Structure formats: structure tokens, C-alpha cells
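First comes the structure, then the notes that go with it.
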2 protein chains.
Amino acid sequence: MKLNTKSRYAVMALADMAVFSNDKAVSLRDISLRQGISLLYLEQIFLRLKKNNIVKSVRGINGGYILVKSPKELKISDILLALDQKVKTIGCKKDSKKSCNGKSTKCITHNFWDELDIHINSFFENKKLSDLLKSREARI
Amino acid sequence: MKLNTKSRYAVMALADMAVFSNDKAVSLRDISLRQGISLLYLEQIFLRLKKNNIVKSVRGINGGYILVKSPKELKISDILLALDQKVKTIGCKKDSKKSCNGKSTKCITHNFWDELDIHINSFFENKKLSDLLKSREARI
DNA sequence: AAAAACTTGACTATTTTAGTCGGGTATATA
DNA sequence: TATATACCCGACTAAAATAGTCAAGTTTTT
């Protein structure tokens, strides 16, 4: 049960931007160096973040990426969604004999999986990017 | 971000046992038929559950498996642990330049991953097998 | 003009997952 | 005591997902 690296790196990279941008575009090269993430991989990740309107890009020299929303408004769930990291942890067997349609026929564990989803989802829904930085500042 | 089928099936199978055993051993064949899970796969799963003292086995005709603890006492986290399903969702990069050792040097997102782990872990820690059945009975 | 930086699709090696297979051993019951 | 039922266990494998890399651009600033 784990988050994939794309999602993890996305959160790390965006947190990095929130810390190190001074209202300027942040280049992937800088993020790559600071966070130790492959530049080529970051490009792939930011393509998705851009398509999903999490960041916008500035081309050319001194270019880079800028957060569309402020860290206070950017939910972690938005980031995960952009990377297709569905927080739907697991379903129940659909193709068993006594198949579970989720309504009239529910398998024994159906409600449990639903609760698990809600539990995890709400965590990501309620966390903002700025929340990650707060605990960082508290440490410094 | 999802649970693997081994863990999912383990929870389903144990819930099945809790419902259908009448203080008798439940055979994997019966679980397999009721839950639509491959018998061979169930054997593999129950091997681990037995090694980790979640179930005990009765060999021979009319044999099967019996829950070691009552459903009221069996935590879901115990089940997942038996299947090596570490609930440690993700760590931070250990091998980056400014590596995170978790103590004096922490990466920006370190505390966030820790919180996530705690959040999910506590869900599994606080759920008992009997809790799954309760919501089932409420539906019937 | 040249360099920095984003753009994009395609490709690939490795790992994980989700099982299957084969050949056991133990035991209740006829 | 024969035999069917059911657990025991390591090894194997096909398919999917993961974690990237590569190539060949385009755009913009200096």
C-alpha cells in the first residue's frame, strides 16, 4: 500500500517550488538538483501538472514553472488527481458468483473498503501544500 | 495507492470464516466457492496467516482453518501485517544529495509522509474483523 | 545567433503482482 | 486399512505496472 514515485515526486517538487520560488518561475533543473529527482522524469510529471492546471509554464531563458494557486489553496488531492493517482484504494470482486453490485447485493467487505477510501481521501482533501511547509518551518 | 489482492482476499476470507463457521473448521474449498477466489491462491494466503498465528489448521477430512482470536479481538492491521503488507506508505528519498535521515536532516515532505502513515495505520489498528460484519448485519 | 528551458510521444528495463503447478503429508471415516 | 479430503510448501511464470530514458523538437531571452 503505497504512493507511486510520480505522485511522491510531484508533491516534493511542488513543495520545493513553494519554498524556493520568490514569485519567480522555478526551473525544473533547479528542482532536479535540489530534490535529487531526474530532470527527464520531472518533465514528464510537470507535463501532467500543467495539463491539469496545477502549474503554468514560462518558456525560454529564466523560464520555469509557477504555481497556479497559492500553496494555501492547493489541496494535495488536486495534485494526486493530476497524476491519475486514484485514491480509490480497492474495490470488491465484481465477477464472483455472488457478485457485488454495491447496491442490493453487497459483499461482506464492501462497506469496509468504502470507509477506507473515505478515510484516506479525506486526509488528502484536507491537506494543503502550505500545511507541509508549516511543519517544516516549525522544525527549523 | 491500493491494497494488493493478497491482503484484500485475506480480509475477505477471514470475514467469510467469521460469518460461516459455526465453531467448526472452515475449508478453503468452501471459502473459495463462496468468495470466488482461487483455491490455490487461498492456500498461499492461509499459509502466511497460519505462520503469523492468525488462524490454526485442522488437517484431514472435515478439516480446515479456525480463527485463533475471536473476530472482536482480531485487528485488521494484524491481518495486513501477516501478509507483509507494510502500511508504511512511502519514505522520502534517502540517497539524494541533501539526504533525509529523518532526524537532524529532514526533507520538506518528511513529516507529511509520516502523518499519512499514521493516519492510515490508525484506521487498520482500530478496526476489528467484527466491525466489518456489523455493517453487514445492518444491511440485511 | 545561441543558450536555456519547456514539449511531447515513444520506448524500455526492472520489479511487482497475481497467480499456477507439482508433489507432498495428515487424518477422519467407511 | 484404503481412500478421499484437506492442509503444506517451494518453485515457477505470464502479465501488468513502475520508473524511468531518449530523441527530436519549440519558444523565448539575452
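All figures in this text were calculated on a predicted structure; none of them were measured in a lab. Here is the naming used below: chain letters follow the sequence lines, and residue numbers restart at 1 for every chain.
Looking at the side chain of B:Ser38, the nearest of the listed nucleotides D:dG20, C:dT20, D:dC8 is C:dT20.
Protein atom CG of A:Asn4 is 11 Å distant from nucleotide atom P of D:dG20, rounded to whole Å. As a whole-Å value, the separation of A:Leu3 CG from D:dA19 C1' is 14 Å. Atom NZ of B:Lys50 and atom C1' of D:dA6 are 12 Å apart (whole Å). Taking atom CG of residue A:Leu42 and atom C1' of nucleotide D:dG20, one finds them 12 Å apart after rounding to whole Å. Following rounding to the nearest Å, A:Arg48 (CZ) and C:dC6 (P) show an atom-to-atom distance of 18 Å. Between B:Asp30 atom CG and D:dC7 atom C1' the separation is 14 Å, expressed in whole Å. Rounded to whole angstrom, the span from the OH atom of A:Tyr9 across to the C1' atom of D:dT18 amounts to 11 Å. Separating the CD1 atom of B:Ile66 from the C1' atom of D:dC7 is a distance of 13 Å, rounded to the nearest angstrom.
Under the 6.0 Å cut-off for aromatic ring centres, B:Phe46 and B:Tyr9 do not qualify, their centroids lying 6.0 Å or more apart.
Applying the side chain to side chain donor-acceptor pair (under 3.5 Å) test to B:Lys75 and every residue at least two apart in sequence or in another chain returns B:Glu125.
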Can you check nucleotides 9-11 of chain C for protein contacts, nitrogen or oxygen pairs under 3.5 Å, and list what you find?
none

Between the protein and nucleotides 26-30 of chain C, list the N/O to N/O atom pairs that are separated by less than 3.5 angstrom.
residue: C:dA26; atom: O4'; partner: B:Arg59; partner atom: NE; Å: 3.2
residue: C:dA26; atom: O4'; partner: B:Arg59; partner atom: NH1; Å: 3.4
residue: C:dT29; atom: OP1; partner: B:Asn62; partner atom: ND2; Å: 3.3

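When heavy atoms are screened at a 4.0 angstrom cut-off, B:Tyr65 is found touching the sugar-phosphate backbone but no base atom.
Between B:Leu116 and A:Phe124, some side-chain heavy-atom pair lies under the 4.5 Å cut-off.
Hydrophobic cluster membership differs between B:Val58 and B:Met17, with clusters built from Ile, Leu, Val, Met, Phe, Trp and Tyr side chains linked at under 4.5 angstrom.
In terms of phosphate contacts, B:Tyr41 brings no side-chain nitrogen or oxygen within less than 4.0 Å of OP1 or OP2 of C:dT17.
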